[in-house]
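What follows is one structure encoded as structure tokens, with my remarks underneath.
Just so you know, these numbers use all the heavy atoms, side chains as well, and skip hydrogens, waters and symmetry mates. Remember, predicted model here, so these are calculated numbers, not experimental data.
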Amino acid sequence: MFLNWLATLPGAIAQGIIWGIMAVGVYITYKILDIADLTVDGSICTGAAVCAVMVTSGVNVWVAMICAVLAGMLTGLATGLLHTLMGIPPILAGILTQLILWSVNLKIMGKANIALPSRQFDVILAQLNIKQSLIWLVVFVAVIVALLYFFFGTELGMSLRSTGNNIHMSQAQGININFTKVLGLVISNGIVALSGALLAQYQGFSDINMGRGAIVIGLAAVIIGETLFSKIARNFAVRLLAVVAGGIIYFFVYQTVIFLGLDTDLLKMLSAVVVAIFLAVPYWKKKYFTKVKIKPTTESKSEEVKENA
Amino acid sequence: MLEIKNISKTFNPGTVNAKTALNGLNLTLEDGDFVTVIGGNGAGKSTMLNAIAGCWKVDEGSILIDGINITHMPEYKRAKFLGRVFQDPMMGTAADMQIDENLAIAARRGKHHTFKWGVSSKERAEYRELLKQLDLGLENRLTSKVGLLSGGQRQAVTLLMASLNQPKLLLLDEHTAALDPKTAAKVLEITDRIVNENKLTTIMITHNMRDAIKHGNRLIMMHEGRVIVDVKGEDKKKLTVEDLLGMFTKASGSEFASDRAMLSK
């Protein structure tokens, strides 16, 4: 029994890393830009669809993955323009793009799902070859984290961070916040689409429904990573790695509860509830557990001093 | 240097909440002018600064800086001409970013953001020197998150940021109003030093009449979206608070209507 459970672990880790990469994309929008971007539910499938269609029609898998990333970037661009050019709130802009992508993804695939069996096609990830898959995934994580670490240290990356941190300050410092927001959405969805392309290869198919609730899994990974590693994750690169680790832990728990015989119909609900609780914790902490400081009184005192002066 | 020609701005036009904040405002600043601005609540002081900064478009009139018409320029583009410090100390800095990163962003105001490294080590050395002059012990906390600083320290850093990259015009919107009196005095002292050292043309709004008299070479008083009193040179040096109140009553035909300003005379 225990050995059977143990046997599911490598698969959980592989899936966890793939979704962890997706969560890194979510981290860019949710944590850095302070936008909850729901495009990802659609763009992960766009990445998978483009990759699956191209590989099954004989294109090299690397070319297919690059095209998947570019397609993902376009979906981010769509949401970005809906938000900045048309003034639609970011959450709604993401939902609209998501809906657009439902049709687009169906058109890309021509049907609701495409099989991408690893025996038949030359792909780099496969459930049947977990060891090779894991090696490739680690390489992908290393490259993505390194690139993002470099990027967010540049002038451009810093302008993106400040946009998410303080819009007033950013505008006063001459940052075109519409540009930085769109750029962030483009990068984020490019990464999400890449994870979709990896997922299609790993599970051996692309399906129109594969992105449903992706944002929740992404958020779960971000939150788990942050909560568990907040003490050690000071450095930006380490924080991104913590997010990937969050994805692994998510799937680790996921496999375990399935193994323990939980009704799989309930899994999406459970994920959402867990995320909801974790999102609520900081709010509750602030609301109910903040030690009542005498700060308000000192402030009113200084008001008085000012008025008497 | 700065020419504001007949600008007007009405918020929520055509509704019951319509409010004319600027009403044919004219103001011309010479190079190196340090103007203090006072006026009652709703006189249009902050609205004037926001009009210059481009937070929204004015209804009519034009704004020129050094002969360049910036009336229709978007906020982020005209930022290269301006250094801004806000009333709320939280507004001028990015809390989750380091002190050196905040300064580096300000140093690149109006420049193209490239793939070059965000803060160079040469810059860090410069910033350390500049922070040392603030005398707030920040020179050894270059990599601290700005969110860890006190309100006064954040305003001082914002001032430093605003002065980097030699702006043509410095806009200070009641930047000491949210600070305790001691800190406010310190920040004003830093303001004077930074303005003088960099010879910055400055507009400073304050609700404190004594500060308005003490600082700068020119004082304007606003009322109902216009400049109603403009004192400069020798006349300004001799001003007293009573003079100002008298001038206000004479020019506006009403009592000076700011409780805060009255209390802090």
Taking all atoms of both residues into account, what is the closest heavy-atom pair of A79(B) and A172(A), and its distance?
CB-O, 3.5 Å
Closest approach of M169(A) to I105(B) (non-hydrogen atoms, all atoms of both residues)
CE-CG2, 4.1 Å
Using heavy atoms and a sub-4.5 Å threshold, report which of [range] line up against chain A, by residue number.
range: residues 154-167 of chain B; result: M161(B)
range: residues 141-153 of chain B; result: none
range: residues 112-120 of chain B; result: H112(B), H113(B), T114(B), F115(B), K116(B), W117(B), G118(B), V119(B)

Does atom OH of Y149(A) have more than 12 heavy-atom neighbours from other groups under 6.0 Å away?
no
Atom CZ of F278(A) with >12 non-hydrogen neighbours under 6.0 angstrom:
no
Heavy atoms only, distances under 4.5 angstrom: which of I175(A), I177(A), N178(A) has the most pairs with chain B? Name it, please.
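Top option by heavy-atom pairs under 4.5 Å: I175(A).
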For the interface with chain A, which of [options] has the highest count of heavy-atom pairs at distances below 4.5 Å?
options: G110(B), A184(B), A104(B), G92(B); value: G92(B)
options: K80(B), K77(B), R108(B); value: R108(B)
options: M90(B), K111(B), E75(B); value: E75(B)

Under a 3.5 Å distance rule, please check whether N176(A) uses its side chain to pair with a backbone N or O of Y76(B) as donor and acceptor.
no
Given heavy-atom pairs under 4.5 angstrom as the criterion, report whether the side chain, backbone, both or neither of A106(B) touches chain A.
both
Under 4.5 Å heavy-atom distance to chain B, tell me which part of F152(A) shows up: side chain, backbone, both or neither.
neither
Donor-acceptor list for residues 95-103 of chain B side chains, cut-off 3.5 Å, not counting sequence neighbours:
unit_1  : atom_1 : unit_2  : atom_2 : d
D96(B)  : OD2    : N165(A) : ND2    : 3.1
D100(B) : OD2    : R124(B) : NE     : 2.8
E101(B) : OE1    : R161(A) : NH2    : 2.9
E101(B) : OE1    : Q98(B)  : N      : 2.9
E101(B) : OE2    : R161(A) : NH1    : 3.3
E101(B) : OE2    : R161(A) : NH2    : 3.0
N102(B) : OD1    : A94(B)  : N      : 2.8
N102(B) : ND2    : A94(B)  : O      : 3.1
N102(B) : ND2    : M97(B)  : O      : 3.4
N102(B) : ND2    : Q98(B)  : O      : 3.1

